[in-house]
Enquirer: 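I am attaching a structure below and will ask some questions about it afterwards.
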Amino acid sequence: MAAELIDGKKLAAETRAQIAAGVAALKAEKGVTPGLAVILVGDNPASVSYVTAKEKACVEAGMNSHEIRLSADVAEADLLAEIARLNADPAIHGILVQLPLPKGFGEHKVIDAIAPEKDVDGFTPVNVGKMLIGEDCFLPCTPHGIVKLIEVTGMDLAGKHAVVIGRSNIVGKPVAVLLARRNVNATVTLCHTGTPDVGAFTRQADVVVVAAGHPNTLTGDMLKPGAVVIDVGVNRVPDATKPKGYRLCGDADFASCSAVASAITPVPGGVGPMTITMLLWNTLEAARRAAK
Ligand code: GUN
């Protein structure tokens with residue numbers, strides 16, 4: 001039987017309606033409109049489309065979006081000065097620097113310049129450390145969205161085996177941490193490019209989160225029947241039949257995985273909308289804290 005589709009768009013729409021209501025209440029009660037600053041350095045096409053989607057969603061939720069576009073050859077000192085200015089601006093509650101930065105930038109240095117109370121991506125060392133030790137903090141958006149997507153399948157992750165493929169700072173490592181936290185209580189295996197036989201692990205998994213950045217990283221023969229698959233990949237594959245000359249596909253081979261899994265996220269329309277939603281969530285929370 002074909003797997004059920006985990007509808008990220010639907011969950012995102014429901015959650016964004018709650019966020020929009022929270023934004024309206026904050027405006028009415030405190031006169032505060034959440035403000036998100038989105039910094040894009042350079043013109044990487046995928047990054048341009050991500051930040052455009054984030055800004056649009058921000059405005060749709062009733063928030064103020066501040067777009068900061070810098071050329072790829074901006075001096076790192078100027079980028080850091082821009083972040084310092086935003087840190088000090090009371091109308092800005094959240095700051096996001098779209099990654100990856102062009103070659104030559106010290107990514108850690110740039111992220112570390114964001115004030116932790118405005119770090120709505122949850123990328124600064126302070127927020128990453130708090131997440132690790134279970135303190136209240138801004139959770140990183142894609143991993144947080146993934147936990148919500150697994151929840152809507154109805155699967156109780158406590159005692160289940162989750163296999164994560166990919167060890168990026170943005171997805172793989174933090175999602176492994178969130179799934180292993182006591183409130184979720186999964187047993188977690190983190191596979192990566194140094195894992196000789198990923199299938200040996202995924203075949204034992206109740207949930208597989210694939211965030212490797214390559215199409216066909218996960219195929220149906222690597223799954224236990226009935227597993228839940230969360231596909232984080234967004235890959236552009238050349239396709240002359242499409243108006244843009246490419247189509248999007250995930251890291252999982254959708255046809256073979258959906259024949260074995262019980263539920264799977266589509267690409268697009270799965271994880272992506274939830275990433276943006278959790279960004280709005282964090283921005284509203286940052287504004288609420290600032291208004292207290
Ligand atoms: N690049 C890919 N995903 C993300 C994200 O969630 N936040 C930022 N800032 N950059 C990204």
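None of the values given here were measured: they were computed from a predicted structure. Below, all heavy atoms of this structure are taken into account, side chains as well, without hydrogens, waters or symmetry copies. Whatever order the structure lists ligands and atoms in, that order sets their numbers, starting from 1.
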Enquirer: Tell me every residue that passes ring pair (Phe, Tyr, Trp, His ring centres under 6.0 Å) with H93, counting only those two or more places apart in sequence or in another chain.
Expert: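 Per chain and number, H93 pairs via ring pair (Phe, Tyr, Trp, His ring centres under 6.0 Å) with no residue.
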Enquirer: Give the residue, atom name and distance (to 0.1 Å) of the protein heavy atom nearest atom 1 (N) of ligand 1.
Expert: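 For this ligand atom, the closest protein heavy atom is L99 O, 2.8 Å.
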Enquirer: Checking a contact table here: which protein heavy atom is nearest atom 11 (C) of ligand 1, and how many Å away?
Expert: Q98 NE2, 3.4 Å
Enquirer: Side-chain donor-acceptor pair under 3.5 Å between T15 and T277, yes or no?
Expert: no
Enquirer: Could you tell me, atom by atom, which parts of ligand 1 come under 4.0 Å of a heavy atom of K54?
Expert: 5 (C), 7 (N), 8 (C)
Enquirer: Which is closest to atom 6 (O) of ligand 1 in terms of heavy atoms, V232, D121, V171?
Expert: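 Minimum heavy-atom distance to atom 6 (O) of ligand 1 goes to D121.
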Enquirer: Geometry only, no angles: is F123 polar-contacting ligand 1 at N/O separations under 3.5 Å?
Expert: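 Looking only at distances, the answer is no, because the N/O contact criterion of under 3.5 Å is not met.
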Enquirer: For atom 3 (N) of ligand 1, what is the nearest protein heavy atom, given as residue, atom name and distance?
Expert: I170 CG2, 4.0 Å
Enquirer: Are R167 and T193 close enough that a side-chain donor and a side-chain acceptor fall under 3.5 Å?
Expert: yes
Enquirer: My understanding is that a hydrophobic cluster links ILVMFWY residues whose side chain heavy atoms are under 4.5 Å apart, including indirect links. Using that, what else belongs to the cluster containing V237?
Expert: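 In the cluster with V237 there is nothing else; it is isolated.
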Enquirer: Taking only heavy atoms of V97 into account, list the atoms of ligand 1 that are under 4.0 Å away from them.
Expert: 8 (C), 9 (N)
Enquirer: Does any N or O in the side chain of K54 come within less than 3.5 Å of the main-chain N or O of V38, such that one atom is a donor and the other an acceptor?
Expert: no
Enquirer: Taking atom types as modelled and ignoring hydrogens, do the side chains of T217 and D251 form a donor-acceptor contact shorter than 3.5 angstrom?
Expert: no
